Amino acid sequence: MASDESQQPGEGAGVSVPLPLDKLCFTHSQEGQPIVLVSTGSFNPPTILHLRMFELARDDLTADGYSVLGGYMSPVNDAYGKKGLLPAHHRIAMCRLAAADSDLLMVDPWEALQADFQRSIKVLKRIQQGVNAARPEGMPPVRLMLVCGADLLESFSRPGVWIEAQLREIFADHGVVCISRGGSDARRHIHENDLLFEYRKSIRIVDEWASNEVSSTLVRRFLSRGLSVKYLTPDSVIQYVKEHKLYTPSHSKPMDENGAGLSSRTSTKDNAVERKAEAALILTP
Ligand SMILES: Nc1ncnc2c1ncn2[C@@H]1O[C@H](COP(=O)(O)OP(=O)(O)OP(=O)(O)O)[C@@H](O)[C@H]1O
Ligand SMILES: NC(=O)c1ccc[n+]([C@@H]2O[C@H](COP(=O)(O)O)[C@@H](O)[C@H]2O)c1
């Protein structure tokens with residue numbers, strides 16, 4: 001299905017960003033259909049559960065004969081405007097630190113560096129193009145799958161949040177790996193929603209049997225109260241947070257303090273200028 005197919009890898013509405021490819025394990029491709037995983041989100045900050053999602057998804061797909069070549073975290077654009085969202089350069093830096101120890105995870109800063117909010121389908125298409133352009137000759141096309149928690153799956157049926165045609169494209173062309181999460185019943189949600197039910201075969205539900213109550217909200221709350229977050233997020237992220245004095249009570253104020261709108265999905269001019277200035281720095285891993 002068509003969606004920005006004309007867009008070249010690394011090219012968006014704003015800053016051109018190379019796709020990191022260093023951890024992609026192209027040699028796995030002989031073992032099964034090649035898959036690359038992508039998770040979009042705030043990652044504010046990344047937690048161990050964000051990292052776990054990729055491990056769970058890889059195990060589940062591998063057990064069914066797929067070959068997972070790598071994975072990407074794509075931090076959301078500042079214009080998403082979620083309350084307390086730190087500027088993208090901090091979230092990109094923390095995601096990179098969190099991904100450093102992973103054998104499959106990379107961070108694609110493209111979405112965060114664009115002039116405006118980007119729909120997830122665009123992120124999937126961009127990474128799909130970049131990965132396939134780099135794949136060795138003779139390898140079958142690599143499929144990009146969206147990895148998410150059950151709460152994100154629930155948002156698919158929230159009016160005005162997603163575009164139905166794009167959801168159909170995500171299901172039909174990519175597929176979703178949905179990780180169970182306390183408070184969300186993914187199976188029931190699929191049963192109760194006609195669109196999700198229609199595409200139920202494109203949604204893999206993976207149960208996390210270890211306790212997974214950790215969220216970025218919890219980590220931010222602990223940090224703003226001066227409490228320990230050790231074992232909830234990697235030590236390198238904790239170090240970064242300390243060095244940059246993030247998630248102190250002043251950082252937890254709504255986004256306008258940081259230069260972006262609260263809930264409108266458009267960025268200010270100042271934000272765009274700042275983002276361009278930061279881009280050179282961010283593009284260097
Ligand atoms: N504990 C978890 N279990 C399953 N999925 C999770 C978990 N934490 C995050 N995710 C998933 O990771 C993706 C990115 O999430 P996000 O950055 O919004 O984290 P979050 O912890 O939900 O954030 P916040 O608490 O700030 O709302 C989403 O698909 C979300 O569902
Ligand atoms: N239509 C869309 O493509 C769409 C809608 C809502 C959220 N999203 C993405 O889902 C993620 C949700 O992140 P949070 O769970 O932190 O709100 C973000 O990366 C956001 O870009 C995409």
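Note that ligands are numbered from 1 as they come in the structure, with each ligand's atoms numbered from 1 the same way. All values derive from a computational prediction rather than experimental measurement. These numbers come from the heavy atoms of this one structure, side chains and all, not from hydrogens, waters or symmetry mates.
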field: Pairs flagged by ring pair (Phe, Tyr, Trp, His ring centres under 6.0 Å) wherever residues 143-167 is involved - sequence neighbours left out
entry: F156-W162, F156-F171
query: Measuring from the heavy atoms of G41, does anything fall under 4.0 Å of ligand 2?
result: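 A heavy atom of G41 does come that close to ligand 2.
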query: So is K122 in contact with ligand 2, going by heavy-atom distances below 4.0 Å?
result: no
field: Per atom 7 (C) of ligand 2, closest listed option by heavy atom (F156, F43, W162)
entry: W162
- prompt: For atom 9 (C) of ligand 2, which of G149, S39, A112, S120 has the closest heavy atom?
  reply: S120
query: Any idea which part of L152 is under 4.0 Å from ligand 2, heavy-atom wise: side chain, backbone, both or neither?
result: side chain
Taking [X] first and then [Y], would you say they form a salt bridge - that is, a charged N and a carboxylate O separated by under 4.0 Å?
X: E55; Y: R52; result: no
X: D103; Y: K23; result: no
X: D173; Y: R168; result: no

N/O separation below 3.5 Å, [X] to ligand 2:
X: Y80; answer: yes
X: Q166; answer: no
X: Q118; answer: no
X: R119; answer: yes

message: Can you tell me if R200 has over 12 outside heavy atoms packed within less than 6.0 Å of its CZ?
response: yes
field: Pairwise salt bridge (charged side-chain N to carboxylate O under 4.0 Å, His left out) hits with a residue in residues 137-154, at least two apart
entry: D151-R181
query: Atom CZ in R91, atom OG in S42: separation rounded to 0.5 Å?
result: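 With rounding to 0.5 Å, CZ (R91) is 6.5 Å from OG (S42).
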field: Residue shell around ligand 1, heavy atom under 4.0 angstrom
entry: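 Correct list: S39, T40, G41, S42, F43, L49, H50, M53, K82, C148, G149, D151, L152, S180, R181, N212, V214, S215, S216, T217, R220.
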statement: D101 meets the salt bridge (Lys or Arg N to Asp or Glu O under 4.0 Å) criterion, sequence neighbours left out, with none
